[in-house]
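Below: the structure, in structure tokens.
Note: hydrogens, waters and symmetry copies are ignored here, and every other heavy atom, side chains too, is used. Proteins come first, then strands; the chains are lettered A, B, ... in the order of their sequence lines, and each starts at number 1.
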Amino acid sequence: DIQMTQSPSSLSASVGDRVTITCQASQDISNYLNWYQQKPGKAPKLLIYDASNLETGVPSRFSGSGSGTDFTFTISSLQPEDIATYYCQQYDNLPLGPRTFGGGTKVEIK
Amino acid sequence: QVQLQESGPGLVKPSQTLSLTCTVSGGSISSGGYYWSWIRQHPGKGLEWIGYIYYSGSTYYNPSLKSRVTISVDTSKNQFSLKLSSVTAADTAVYYCARDRYSYGVDYWGQGTLVTVSS
């Protein structure tokens, strides 16, 4: 099974800061990676699909990049409403393939 | 607007079977194009994909849970269901049903339902 290692597990940043989260796959997953935001007590929300595509309605301060085994998620200017836990998620592009989440990164305001 | 709603007991006794149903509105399961998923989250922990089903009945199960999981679909009711057998306290979690767009991520989620395993 493919393992997803996300780092850091938590971070604290100031409003307006650039925030970067990384996700590493245990093997090449091409661009088969999505990013989600989860606020306390809520279901996750899709932000980025296929490594770099912004989901409709998601603010442009969120972005993703990478391919193969190394991926990056960036918030260009952290806002108070961005306080949440962020998860990467890989998928196998074959029919009925597995899906795996990273361990999550909790983002807090300094 | 697609909506998903989980239903089922919030308390299950150890060794029994956890059963949840997800009712989909605003879209038809049988129209194809999506995997209908169950995902859980242990208290204060990360997300774990339990498995998913296609409208035809084809399934994928997480290998770590495969021996205990059954996911089924009832297209006439626009519902899909989860059964997890022989539960223990380690199965206490919030269970989400969700719609997976194959290559494009999970775009719709239920609100989640907390299932506690306790005698």
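A single hydrophobic cluster is seen to contain both A/Tyr36 and B/Leu4, as judged by linkage of ILVMFWY side chains at heavy-atom distances under 4.5 Å, directly or through other members. A/Val58 and A/Tyr86 fall within a single hydrophobic cluster, where Ile, Leu, Val, Met, Phe, Trp and Tyr side chains are chained together by heavy-atom contacts under 4.5 Å. No single ILVMFWY cluster, assembled from side-chain heavy atoms under 4.5 Å apart, contains both A/Tyr87 and A/Leu33. In terms of hydrophobic clustering, with Ile, Leu, Val, Met, Phe, Trp and Tyr side chains grouped at heavy-atom distances under 4.5 Å, B/Leu20 and B/Trp36 are assigned to a common cluster. Linking ILVMFWY side-chain heavy atoms closer than 4.5 Å, directly or via other members, places A/Leu47 and B/Trp109 in two distinct hydrophobic clusters.
The most heavy-atom pairs under 4.5 Å with chain A, out of B/Tyr35, B/Tyr108, B/Tyr102, come from B/Tyr35. Of all the listed residues (A/Pro44, A/Gly41, A/Gly102), the one sharing the greatest number of non-hydrogen pairs under 4.5 Å with chain B is A/Pro44. Options A/Leu46, A/Leu96, A/Asn31, A/Asn34 differ in how many heavy-atom pairs under 4.5 Å they form with chain B, and the most are formed by A/Leu96.
Taking 4.5 Å as the heavy-atom cut-off, the residues of residues 37-61 of chain B that approach chain A are B/Ile39, B/Gln41, B/Lys45, B/Gly46, B/Leu47, B/Glu48, B/Trp49, B/Tyr52, B/Ser58, B/Thr59, B/Tyr60, ordered by number. Using a 4.5 Å cut-off between non-hydrogen atoms, the part of residues 71-101 of chain B that approaches chain A consists of B/Tyr96, B/Asp100, B/Arg101.
Taking all atoms of both residues into account, the shortest heavy-atom contact from A/Tyr49 to B/Tyr104 is CB-O, 3.5 Å. When every heavy atom of A/Ala43 is checked against every heavy atom of B/Gly110, the shortest pair comes out as CB-O, 3.5 Å.
Heavy-atom distances place no part of A/Tyr32 under 4.5 Å from chain B, backbone and side chain included.
Side chains of A/Asp1 and B/Pro63 form a contact here, defined as non-hydrogen atoms less than 4.5 Å apart.
At a cut-off of 3.5 Å, with distance as the only test, no side-chain donor of B/Ser103 or A/Asp50 sits close to an acceptor on the other residue.
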